[in-house]
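A quick write-up on the structure given underneath.
This is a predicted model, so every value here is computed, not measured. Each chain gets a letter, A, B and so on, in the order its sequence line appears, and its residues count up from 1.
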Number of protein chains: 2
Amino acid sequence: MSKLATNRPTMNDVAAAAGVALKTVSRVVNDEPGVNPATADKVKAAIDALGFRRNDGARTLRRGHTASIGVVVRDLADPFYSTLTRAVEEVALTHGFLVFTGSSDESPSRQRELALAFCARRVDGVVIVPVGEDHLYLQPEIAAGVAAVFVDRPAANLDADAVLVDNVGGVRKGIEHLLAHGHRRIGFLGDAPDIFTAGERVRGYREALTSAGHIIDPSLISMASPTRAAVRAALDRMLGGPSPATALFTGNSRVTVAVLRELAEPPPEHVKRRRPALVGFDDFEVADLLSPAVTVIAQDPARIGRAAAELLFRRMENKNREVVRRELPTRLIVRGSGEMPP
Amino acid sequence: MSKLATNRPTMNDVAAAAGVALKTVSRVVNDEPGVNPATADKVKAAIDALGFRRNDGARTLRRGHTASIGVVVRDLADPFYSTLTRAVEEVALTHGFLVFTGSSDESPSRQRELALAFCARRVDGVVIVPVGEDHLYLQPEIAAGVAAVFVDRPAANLDADAVLVDNVGGVRKGIEHLLAHGHRRIGFLGDAPDIFTAGERVRGYREALTSAGHIIDPSLISMASPTRAAVRAALDRMLGGPSPATALFTGNSRVTVAVLRELAEPPPEHVKRRRPALVGFDDFEVADLLSPAVTVIAQDPARIGRAAAELLFRRMENKNREVVRRELPTRLIVRGSGEMPP
DNA sequence: CTGAAAGCGCTTACAG
DNA sequence: CTGAAAGCGCTTACAG
């Protein structure tokens, strides 16, 4: 591509038009003190006449920081991550920062490319929902001064700031709730076991049952991506046998919705199902309008995003402060589905 | 702030370490042809040893374009806008572009500041969900070469590319559906009348009724932000009178959900309500799981975002092509709530 | 195949 | 209060 058609005026052009030096224009543009009001007026007039707007890219190059951050989530279209990102944006704006966003789609290489592309633009910090086993590629960036905060999951092999959720405690709370309502056969439908949160949550399930003196029945645990087929198979197994589960715990909102959708279908002829009690991890829109309304262990994605952003800005201020790992609580929201008797 | 602690190696450092000229490093980094393989290897070794990573900000300054775009939506936490943004991101990535995002919160000044901040970073293009009456502030940016595409709503006073939805046609389809099921008293619950889409949609309502030879009853129209109080008042009026509405059309998913929530409450004592039929504009998660499942006029936010991004990249390629205004169709999804008899 | 110089549009560090 | 020079880290345009 040859010289662009863009023909933006520069500080130099403004200076020429106003009959002053470049530096004086810079002073006026940046509201630096000590400019003669009459001179400033001349400069301002020239700025308006030419339609000058400072090139922040040039400014950035000279100053060494860009006042921008990058956010890499799993999927910006997912309400959990979009709400989280929006909260980061809000904090960033407070500091006068702009934010790049990107979705990794759970692909380690795509995440890496996004994060490094942001770093190549010299963002001052990154907020990352980590994917995959290896995050050492970020080490040089961090060493070079990029602040990094991991969110929702810890970085695999990097000692860095992180904002997590009390997954284990949250699930325990949900399972204990079902136990308190008399359930003893409780099925757990999680997600792919390599996802950090999925592992933590099934751990919470096991701990809750074991602590209460119950035996873990492996046939009541399903750890798979919530495809239609996987969910159907798991439900048939858990609800169709001679000693069926009377309650289910679903490990995230995608699973919850998939299960609800499956329960809404008539079961195969040879299977007889009773509607099980249900508690789901993650709140979701109109969970309260379903019948029965869905009892959930709610996370607070906006709070998570805010916490991550605040940690990021604190890290930018002081690269040497010790690494922080915050764990945010969950909240049981009782709505009906989790209070049905066995 | 003084000199930053960041101590990144530059091409100059690499050149010194490899014993070549700066330009040769540039050639290697950019995969330019015509470098002696042995020289290239020396340079690559130096790059690895120093952990060099090109500063894209500097590159950008010299080349005149940044390979980045800005997206300003109403609220990134809203599934409609986050899905739209995600689709824009996808197209951008295909072109090797990065994307800044921002939420205007329906504030004209905040939108303006975000858009101009993106332009100050010299993004090559912006996708904007416009708010407010005045978008002339973008005129100089567009003149200076920034591509701009408006989405969901047209720019108030600027002749620019836009991707809209056939709001009028969509609502007409919904109202005609209710008419075909025998309804004659159909209430319309919209949104604040200064929102473009709200205006278009109520127009569709009027047109559908008029075309079918029916009279418009103003008491069956409510144009207000869907606060709890406003929705309740509108429902009491529309459903509580001597000649109540037998069906409702809701103008967007926020309204739909607010109405459903209100209908789930027991009505005030002196009001007796029948459950009205319902068709809503916008699809939403688990609309199919409610009882009755909710019939909607669905938009396709991913398609809208994709169309906007594609238009943007075409505009970047040719600043002089004529202004395009695309209007995307809607789809009626029949689920039950819209097929209930009067 | 390789390199020295100029310049992108600003800010920094000084000098007057 | 104002300005001339250098430099941020690259690419462009040339020269050898």
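The residue among Leu61(B) and Pro33(B) whose nearest nucleotide of DNA chain C lies closer to the 5′ end is Pro33(B).
For the pair Ser26(B) and dT11(D), the criterion of a side-chain N or O lying under 4.0 Å from OP1 or OP2 is met. For the OP1/OP2 pair of dG3(C) and a distance below 4.0 Å, the side-chain nitrogens and oxygens of Thr24(B) include at least one atom meeting the criterion. Between Arg63(A) and dT12(C) there is a side-chain N or O to OP1 or OP2 distance below 4.0 Å.
Following rounding to the nearest Å, Leu22(A) (CG) and dC8(C) (C1') show an atom-to-atom distance of 13 Å. Distance CD1 (Ile47(A)) to C1' (dC10(C)): 14 Å, rounded to an integer number of Å. Glu32(B) places its CD atom 14 Å from the P atom of dC10(D), with the value rounded to the nearest Å. In this structure, the NE2 atom of His65(B) is 16 Å from the P atom of dC10(D), given to the nearest Å. In this structure, CZ of Arg53(B) is placed 17 Å from C1' of dG9(D), rounded to the nearest angstrom. Summarising the geometry, the separation between CZ on Arg122(B) and P on dC8(C) is reported as 14 Å, rounded to the nearest angstrom. One atom, CG of Asp41(A), and another, P of dC1(D), lie 14 Å apart when rounded to the nearest Å. Atom CG in Asp31(A) sits about 16 Å away from atom C1' in dC1(D), given to the nearest Å.
Ring geometry, Phe97(B) versus Phe313(B): the interplanar angle exceeds 60°, so the pair is classed perpendicular (tilted spans 30 to 60°).
Nearest to the side chain of Met11(B), among dC10(C), dG9(D), dT11(D), sits dT11(D). Comparing atom distances between the Phe52(B) side chain and each of dA4(D), dA4(C), dC10(D) picks out dC10(D) as nearest. Nearest nucleotide to the side chain of Thr10(A), out of dG9(D), dT2(D), dG9(C): dG9(C). When each of dT2(C), dA4(D), dG9(C) is scored by its nearest atom to the side-chain atoms of Arg27(B), the top-ranked nucleotide is dT2(C). Picking from dT11(D), dT12(C), dC14(C) the nucleotide with the shortest atom distance to the side chain of Arg54(B) gives dT11(D). Taking only side-chain atoms of Arg62(B), from C-beta outward, the nucleotide of dT12(C), dG7(C), dC14(C) with the closest atom is dG7(C). Counting only heavy atoms from C-beta on, Asn55(B) has its side chain closest to dC10(D) among dT12(C), dT11(D), dC10(D).
As the counterpart of dA13(D), no nucleotide is assigned, since no Watson-Crick or G-U wobble pattern has both distances under 3.5 Å. Both distances falling under 3.5 Å, in either a Watson-Crick or a G-U wobble arrangement, occur for no nucleotide opposite dA4(C).
Side-chain contact between Asn55(B) and Thr10(B) is absent, with no heavy-atom pair separated by less than 4.5 Å. Residues Leu158(B) and Ile142(B) are in side-chain contact: their nearest non-hydrogen atoms beyond the backbone lie under 4.5 Å apart. Residues Glu89(A) and Val71(A) fail the side-chain proximity criterion, which asks for heavy atoms closer than 4.5 Å. Side-chain contact between Arg121(A) and Ser68(A) is absent, with no heavy atoms from C-beta onward closer than 4.5 Å.
Base contact: Ala58(B) has a heavy atom under 4.0 Å from a base atom. Contacts of Val20(B) with the nucleic acid, taken as non-hydrogen atoms under 4.0 Å apart, involve only primed sugar atoms and P, OP1 or OP2. As judged by a 4.0 angstrom heavy-atom cut-off over every strand, Asn30(A) is placed among residues touching the sugar-phosphate backbone only. The residue Asn12(B) sits apart from the nucleic acid: no heavy atom pair falls under 4.0 Å. Within 4.0 Å (heavy atoms only), Thr39(B) reaches sugar-phosphate atoms of the nucleic acid but no base atom.
Side-chain contact, Ser103(A) with Arg86(B): a donor N or O sits under 3.5 Å from an acceptor N or O.
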